[in-house]
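Residue numbers start from 1 in every chain, and the chains themselves are labelled A, B, ... in the order their sequence lines are given, proteins ahead of strands.
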2 protein chains.
Amino acid sequence: MEPGGTRAGRPPRLSREAILRSAERILLEEGAEHLSMRRLAKELRSTPMALYHHVRNKDELLLLLLEMHTGEPDGTELPREPRERLLAAARSLRETLANSPWAAAVLAPDARVSASTGRLVTAMVDAAVACGLDRERAVHAYRVIWHYTLGELLVRRSRERARRQDGDTPWERAVRSLDPDVHPVLARCGGRLAEDATTSDYRRGLEAIVDGLLRPGAARPLLAPPRD
Amino acid sequence: MEPGGTRAGRPPRLSREAILRSAERILLEEGAEHLSMRRLAKELRSTPMALYHHVRNKDELLLLLLEMHTGEPDGTELPREPRERLLAAARSLRETLANSPWAAAVLAPDARVSASTGRLVTAMVDAAVACGLDRERAVHAYRVIWHYTLGELLVRRSRERARRQDGDTPWERAVRSLDPDVHPVLARCGGRLAEDATTSDYRRGLEAIVDGLLRPGAARPLLAPPRD
DNA sequence: ACCTGAACACCGTTCAAGT
DNA sequence: ACCTGAACACCGTTCAAGT
């Protein structure tokens, strides 16, 4: 219903790009818990509602941020040998997510965004097929690895966060203040069993998982007879 | 500074127990996202601040709720054979967490509460030792299994939540509204790769992982020579 | 078309006061 | 000792209006 189409009305001062840039700065420098629409608007010397003109809502904003980071290929060359390829893709996935300090915060509420790292996911499924699994089993193998990787990521994150505020998350304070007589388990091991999860721990676990998924027995029929 | 010690001052109308009961009701009937101190106070026909007299803060409240559920032994008898015992303990852990619909919401922000299911955790470590792993490797094995279990739990939860609101989380709406040309990966597989994660998928994966962790090669020295 | 301001319906938590 | 009310410093989002 307009004459030329483009270039009508007031010229924009904000842009989706500028918004994403600012949001990323906040995430990196202040952490995911400080990213809010209001805070972001302040950062841009604008009002909360101006943002809603460039982004549908906060969820879309987070989605775009995740896509921005994981969308760009990370350049690592994957090896050709199938098993090594599977391992390398998994490690690369973990690293990609670990290197955006906020990815975990975005993933936690809705974990299936896993798919946004498509290149690595398909690499993993293909490598699993090349290892001799049928398609169904290959997808299953990918999912097992993804669950392991996500779990490791989230646990490690929560430990780091706790340590960063020198051991005084509200949660930790709460654990410490519990009466050990009434809550023996929590009080006793408030974190002990989750020692430092290192990269080499992840790798060791990953190799065990992959070996397990590729073991000869993996080819047996899916509906194993129930034992009793 | 008081005469008899006990029974001084105004008689309590609220109690920690009553608060926890109400909180659980809200969690079960309305979901974790509706549990707030204010909402809970309203439920109890009281004020937000009255709660703080019985509970240090919201974190402690969640902690107590988790402990309440996972503290009570779930009665399942674990088999004696070590490998089966390991598997059964892991499955039981998953079930315990899966059956409190809010456990995931509590775990997500700080995943190391894993420890609150102490009986199963120690059962797993002990079973791993009985399977022939040394102590260090047994703890590592437990952690690998825990990471897998947590990841699976969170992914499954997020799918269920999405489905419950017949496929219309804000997040999903955001994914759908993305321009597929600009964000090909997310738009293409917005959920496809994370099909229905079933209990049998979990079990299959768990068995593969356990077999991998217990494979003969697991006994080789931890610092394997780097391949190149 | 792009932006603003005020408003709605919420949060967790602190502080000073009441009984 | 237990509870209340008002207040502080926040949220995400909608709606009506301005330029």
A.B. asks: Rounding to an integer number of Å, can you tell me how far L61(A) CG sits from dT13(D) P?
C.D. replies: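 Distance check: L61(A) CG to dT13(D) P gives 10 Å.
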A.B. asks: Round to a whole Å and report the spacing from NZ of K42(B) to P of dA9(C).
C.D. replies: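 So the two atoms are 11 Å apart, to the nearest Å.
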A.B. asks: Assign the ring pair Y202(A) / Y148(A) to parallel, tilted or perpendicular, where the plane angle (0 to 90°) is split at 30° and 60°.
C.D. replies: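 Parallel.
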A.B. asks: I want to check one thing: is the phosphate of dC11(D), taken as OP1 and OP2, less than 4.0 Å away from some side-chain N or O of S36(A)?
C.D. replies: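 Affirmative; the distance criterion is met.
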A.B. asks: Roughly how many Å is it from OH in Y52(A) to C1' in dA16(D), rounded to a whole number?
C.D. replies: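 Spelled out: OH on Y52(A) to C1' on dA16(D) is 17 Å.
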A.B. asks: What side-chain donor-acceptor pairs closer than 3.5 Å can you find for residues 41-51 of chain A, not counting sequence neighbours?
C.D. replies:
from   : atom 1 : to     : atom 2 : distance (Å)
E43(A) : OE1    : R25(A) : NH2    : 3.4
E43(A) : OE1    : R39(A) : NH1    : 2.9
E43(A) : OE1    : R39(A) : NH2    : 3.3
E43(A) : OE2    : R25(A) : NE     : 2.9
E43(A) : OE2    : R25(A) : NH2    : 2.1

A.B. asks: Could you state the CD1-C1' distance from I26(B) to dC10(C), rounded to the nearest angstrom?
C.D. replies: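 That distance rounds to 15 Å.
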A.B. asks: Among dC3(C), dT13(C), dT13(D), which nucleotide has an atom closest to any side-chain atom of A50(A)?
C.D. replies: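 The closest nucleotide is dC3(C).
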A.B. asks: What is the base-pairing partner of dT4(C), counting Watson-Crick and G-U wobble geometry with both distances under 3.5 Å?
C.D. replies: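 dT4(C) is paired, partner dA16(D).
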A.B. asks: If each of H34(A) and P12(B) is mapped to the nucleotide of DNA chain D with the nearest heavy atom, which maps nearer the 5' terminus, i.e. the 5' end?
C.D. replies: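 By nearest-heavy-atom nucleotide position, the 5'-most residue is P12(B).
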A.B. asks: Roughly how many Å apart are dA9(C) and dC10(D), using the P atom of each and rounding to a whole number?
C.D. replies: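 These two P atoms come out 22 Å apart once rounded.
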A.B. asks: Map R38(A) and S46(A) onto DNA chain C by nearest heavy atom, then report which one ends up closer to the 5' terminus.
C.D. replies: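 Mapping each residue to its closest nucleotide by heavy atoms, the 5'-most match is S46(A).
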A.B. asks: Is any side-chain N of the basic residue among E95(B) and R91(B) closer than 4.0 Å to the acidic one's carboxylate O?
C.D. replies: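 Not counted as a salt bridge, because no side-chain N and carboxylate O are separated by less than 4.0 Å.
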A.B. asks: Check the distance between dC2(C)'s P and R16(A)'s CZ and give it to me in whole angstrom.
C.D. replies: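 Answer to the nearest Å: 12 Å.
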A.B. asks: Which whole-number value in Å describes the distance from R56(A) CZ to dG12(D) C1'?
C.D. replies: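 So the CZ-C1' distance, R56(A) to dG12(D), works out to 16 Å.
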A.B. asks: Would you kindly compare H53(B) and L35(A) by the position of their nearest DNA chain D nucleotide and give the one closer to the 5′ end?
C.D. replies: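 So the residue in question is H53(B).
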A.B. asks: Which pair of heavy atoms, one from V55(A) and one from E60(A), lies closest together, and at what distance?
C.D. replies: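 Residues V55(A) and E60(A), closest heavy atoms: CA-OE1, 3.5 Å.
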A.B. asks: Within this structure, what is the CG-to-C1' distance between D59(A) and dT13(D), rounded to whole angstrom?
C.D. replies: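 That distance rounds to 12 Å.
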A.B. asks: Is the closest basic N to carboxylate O distance between E207(A) and R203(A) below 4.0 Å?
C.D. replies: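 Here E207(A) does not pair with R203(A) in a salt bridge, since their nearest N and O are not under 4.0 Å apart.
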A.B. asks: Among the candidates dC3(C), dT4(C), dC11(C), find the nucleotide nearest to the side-chain atoms of L14(A).
C.D. replies: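 Of the options given, the side chain of L14(A) lies nearest dC3(C).
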A.B. asks: Given the rule in the side-chain contact (heavy atoms from CB on, under 4.5 Å) test, do L61(A) and L20(A) qualify, once you have shown the distances and angles that lead to the verdict?
C.D. replies: CA-CA 8 Å; L61(A) 178 69; L20(A) 289 175; 3.8 Å; yes
A.B. asks: Are H54(A) and dA1(C) close enough that a side-chain N or O sits under 4.0 Å from OP1 or OP2?
C.D. replies: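 For dA1(C), OP1/OP2 do not have a side-chain N/O of H54(A) under 4.0 Å.
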A.B. asks: Of the nucleotides dC11(C), dT13(C), dC3(D), which has the atom closest to the N57(B) side chain?
C.D. replies: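 For the N57(B) side chain, the nearest candidate turns out to be dT13(C).
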A.B. asks: Strictly by Watson-Crick or wobble contacts shorter than 3.5 Å, is anything paired with dA9(D), and which nucleotide is it?
C.D. replies: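 dA9(D) is paired with nothing.
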A.B. asks: To the nearest Å, give me how far apart CZ (R39(A)) and P (dG12(D)) are.
C.D. replies: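 After rounding, the reported distance stands at 12 Å.
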A.B. asks: Counting heavy atoms from C-beta on, name the nucleotide in dC2(C), dT4(D), dA7(C) closest to the side chain of R13(B).
C.D. replies: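 Comparing dC2(C), dT4(D), dA7(C) against the side chain of R13(B), the answer is dT4(D).
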A.B. asks: What nucleotide, of dT4(C), dT14(C), dC11(C), holds the atom closest to the side chain of M49(B)?
C.D. replies: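 Minimum distance to the M49(B) side chain belongs to dT14(C).
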